[in-house]
Structures are given as C-alpha cells and as structure tokens.
Amino acid sequence: MGDGVGLFEEMKGRGLIAQVTDSAIGEMLNSSSLSAYIGFDPTADSLHVGHLVQIFNLKRLQEHGHRPIAVAGGATGLIGDPSGKSEERNLLDGDILAQNLARIEAQLSRFLDFESKTNSALVLNNADWLGRIHLVDFLRDIGKYFSVNQMVAKESVKSRIASRDQGISFTEFTYMLLQSYDFLHLFDNYNCILQMGASDQWGNITSGIELIRKMRQKVAYGLTTPLVLKADGTKFGKSESGTVWIDPDKTSPYQFYQFFLRAEDEVVGSYLRSFTWLGADELGELDLATVREPGKRRAQNALAAAVTDLVHGPEMTRKVKVAAQALFSEDILGLSEEMLALAIEDAPTISIPASSLSDGVALADLLYDAGLAKSKSESRKVIAQGGAYLNNVRVADPDVKVNSGDLIAGGVLLLRRGKKDYVVVRVTT
RNA sequence: GGGUCGGUGUCCGAGUGGCCAAAGGAAGCAGACUGUAAAUCUGCCGGCUCAGCCUACGGGGGUUCGAAUCCCUCCCGGCCCA
C-alpha cells in the first residue's frame, strides 16, 4: 500500500515524530520490513481518542509493509505507569482488568489487518510473559541491569520524587522494568526491533533499548510521537461531557463526531495530519480554507467526517452528519417527520412512560432524568439561567410542566442544554 | 520506631471557637458576542420537596450554648532522625 513516499517522510511531514533514538530509523522504515510495537494499558474498558494517534501509527506501519504489534498491558496495567501522572494511581482489580483487556483487544483489531500473508498484525497480552516470571529470577536476571541512579533521573520518576506530597511507590517505580522486559521479550520472540509511543514514553522506551543492548548486545530502536494537545495546551481527548471513547456505547458516534467538529482553528490542521489519511494537496487546501474562511469550518468538517469514518464507519458518519445538520438548524419543528427520525436515530435517547406526560412533568425533573444535569439543583439553575430548550425553544421556568401537547413529530421531545447537548425523549406506552 | 509538619468543596489553596456551605485562584456550567472555534464580558458553581432544610473541612469519640477551628484516638502522606 506504500505510495512512493517513504513512511518516515510521511510521518515527519505530518508532524508525527517527536524523537527517534537513531537517525537510521528513517531508512529502516522506508526500505526494510520490520516488526514494531506499541503498548496500551487497559486502564478503562475502552480506548479513547487519545489512543487513536498510536493506533493509526500501527495502521500506517502495516500499510507500509511492516508488522504492527499491539501489546495490551494485562500485567503492566496492574502496576500503573507513572509517566505523565502526577500522582499514584489506584490499582485496578484483576477481574475488571481482564474485562477491559478483552474489549480493548477487540477494538484494536478493528483497525489492523490480521489476514495479511506477509505482515499480519498481532495483538499480544504482556501478562502472558510477565505473569510467569518469578520474582527472584526477575530481580537477578533483569533487575541487575537497571541502575536506580539512572531510573531516578528519568523525568517520569524525578517529577514524582520531587513532588513534595506525592512521592512514588515501589510498585510504580518498577513499571519501567516491566515495560523494558516487554520490549526484550518481543525482541527475542518476534524479532521486534522498534517500539513506538507518545513522547511521555521516551524514558520507558529507551530503558528497554538499553536492556536489549546490555543483555543481547543488539541494537533496538525507539520512536515517539508528540503529545496531541488542545489549543490551550491542555490534554487532548476530553470533551465537556468527559473522555471521548471509541466504544459507541460510551460515547455516541454523534458525540464523537461533534468532538472533532469543535476542534479549534489553531489545532485542526495538526489533527487532520494525525487522525486522517488525507493527502498533502487536500491538507494544504483545508489549511488555506481555515485561514481565509474560518467561519465555514471546512477543515473541522473534513476532520470530523474522516475520523468518524475510520472509527465508526461511513454509514454512521452519514447519519451523524444529517443529525448534526438537523439539530443545529433553526426550526426543528419545520422538519419532516422522516428527517427528524433520521436526525435523532443515533442521538442519545431516554424513554419515559406516557403516563408521566399525561400528568405533566416539571422541566427541571425531565432535564435531570435525561442526564443533562447532574442534580436537580443544577437542572434548576441551568433552566433559570436560560440554558434549557424544549424542542429548540428556550424555556426559563424550571417548574413548567411538560405534557403530551409538547410532543413533536413521531411522538418525541427534543431536550437541549446549552448550545450543544441534546437528548431525545421517547415516550413508551 | 522517634521527632515534626500536614490531610479543607472537582483541583490548588485561605481560614485557628460563633459573622462558614467555608476567602481567592483554576477547572466546569449557562448567558452575551461569534463560526457548534478562540479571546472577552456577565452570572452560576454541595444536595433537596429550594426565601426553608439536610449533608460537609481524613475516620471515630469528647469539650462547648456553639467546632473546619480546642482535646483524645485511629488512619493516611511529606520531611528529618534511627
């Protein structure tokens, strides 16, 4: 699938390379076929948009003839990586971790090709090897190669040690050894010579490379990608309603699409490069469009469509686009029943019994029940401040009764909080 | 183990007997202006059956008319010593 341009140049052009351990990596990626891995710790039951850069990098790797290996951290997830974390983590329960792992493996599988004759992808679980090691063996065989002096100097550890009231537990301190051992294991058993990851993984990656050098007298390589940030420099991946997950049950495709649609002008260009496969010509055009006609948001639209396409498929993308257009249109009441049905098909929905509408439900209660307010207090406040809309019409009285007379086409209510958050209320009999 | 400092709302952080649902900042939410952007401005920002009540300042107990504030005890963390 290589398109003539070398993988390394392509990644570089897209701003996807932060650091490499050796400049030879460029040549290796372009000419030979190698195995490379990225680790994912199953700290939640789904991957989120923050993981997409790495997943897509594996995909790019495979498209250029390399074998991508995704390592799910069944063992390291139990420990917790201190990198980029300002405080000690709570340990995850083993059962929960196992469930998370299964789902994440399934998600990873969607993006990679496992059928290829030449460079089929692999998903491995590091519990398969880390779980078998005996402590004393590990300390003798692996621990011997690690200098605490050097570990302490690593940024991820240093910051925690410097932190006045946090500190770092021995458990998290050892994380680096486990990740290094992963690399060694993959190097030995899968001929994997490259580890990739976000730039906060640099310390962990290089320590794996050192371990391989010391134990095998062989060279392994590392490549990191820049952390994706929001325009204000804060962490990417959270929306107003929390983390943006890949699992459609945790973040609806509609919300997923909206998240990318709302990308700030300053970063939309880099997002397009990280999260889509658009070519240089198109990227250039969109950059220009953002400068010339920012109000049209062409880049944002292209971004949202392309990413939703990759993650949820073209059919879903089409639906959420229609939904967005309809919901943000001026008069929802003017929409045909058919259009409305299509628009709200995949919007978040709650159901209420018809009987409650015949008595009338206070708007404040409805907003709360719909999940648009965390408490009834909040619900009342939002309404009083003019932030609540019933069928796209602002209603500022929290005690106003909503009844069956408010139902619109198809027998639903459209409830909105603020400008962006919609919930469709369906009536059940 | 000893000493010492500390544990306050989502986070940071003031408060050392009543004026404390607790200063200030950040985050977040709503509104205005815009482009479903950014910046800015205004308001909100524990809960509830909301002009009232309930729950809260690490846990438990106590002193007091009254405690985030004082005492006892336990738990947790930092630093120093062993």
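Below, read A as the first sequence line, B as the second, and so on, with proteins coming before strands; counting in each chain starts at 1. The figures that follow rest on heavy atoms only: side chains count, while hydrogens, waters and symmetry mates do not.
When both distances must be under 3.5 Å, the Watson-Crick or G-U wobble mate of B:G28 is B:C44. B:U69 is unpaired under the Watson-Crick or G-U wobble criterion, no partner having all donor-acceptor distances under 3.5 Å. When both distances must be under 3.5 Å, the Watson-Crick or G-U wobble mate of B:G1 is B:C81. Base pairing of B:A51 is not made with any nucleotide, judged by Watson-Crick or G-U wobble geometry with both donor-acceptor distances under 3.5 Å.
In this structure, A:K321 places its NZ atom where only 12 or fewer heavy-atom neighbours from other residues, nucleotides or ligands lie under 6.0 Å away. Atom NZ of A:K214 has more than 12 heavy atoms from other residues, nucleotides or ligands within 6.0 Å.
Between A:S377 and A:K374, the residue anchored closer to the 5' end of RNA chain B is A:K374, taking for each the nucleotide with the nearest heavy atom. With the nearest nucleotide of RNA chain B identified for both A:L261 and A:Y368, A:L261 has the one nearer the 5' end.
A:D406 places no side-chain N or O within donor-acceptor distance of the main-chain N or O of A:L413, the cut-off being under 3.5 Å.
One can place CD of A:E266 at 12 Å from P of B:A37, the figure rounded to the nearest angstrom. In this structure, CZ of A:R292 is placed 18 Å from C1' of B:G35, rounded to the nearest angstrom.
The aromatic ring centroids of A:F56 and A:W277 lie less than 6.0 Å from each other. Aromatic rings from A:Y389 and A:Y422 are positioned such that their centres are separated by 6.0 Å or more.
Looking at A:R262 and A:Q258, their side chains do bring a donor and an acceptor atom within 3.5 Å of each other.
Distance from the side chain of A:S375 is smallest for B:G47 among the nucleotides B:G47, B:U49, B:G35. Among the nucleotides B:C29, B:U49, B:G35, the one closest to any side-chain atom of A:V382 is B:C29.
Separating the C1' atom of B:A67 from that of B:A56 is a span of 13 Å, rounded to the nearest Å. Straight-line distance between the P atoms of B:C29 and B:G15: roughly 31 Å, to the nearest whole Å.
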Kindly give the atom pairs (protein nitrogen or oxygen, nucleotide nitrogen or oxygen) under 3.5 Å for nucleotides 53-56 of chain B.
none

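Among the heavy atoms of the strands lying under 4.0 Å from A:K419 is at least one base atom, whether or not backbone atoms are also near. Residue-level contact check: A:R298 touches neither bases nor backbone, having no heavy atom under 4.0 Å from any strand. If you check every strand for non-hydrogen atoms under 4.0 Å, A:G387 touches sugar and phosphate atoms only.
The base of B:G31 lies outside donor-acceptor range of the side chain of A:Q385, with no N or O pair under 3.5 Å.
Contact check, A:K420 against B:G35: no side-chain N or O comes under 4.0 Å of OP1 or OP2.
Under a 4.0 Å N-O distance rule, the pair A:E315/A:R318 qualifies as a salt bridge.
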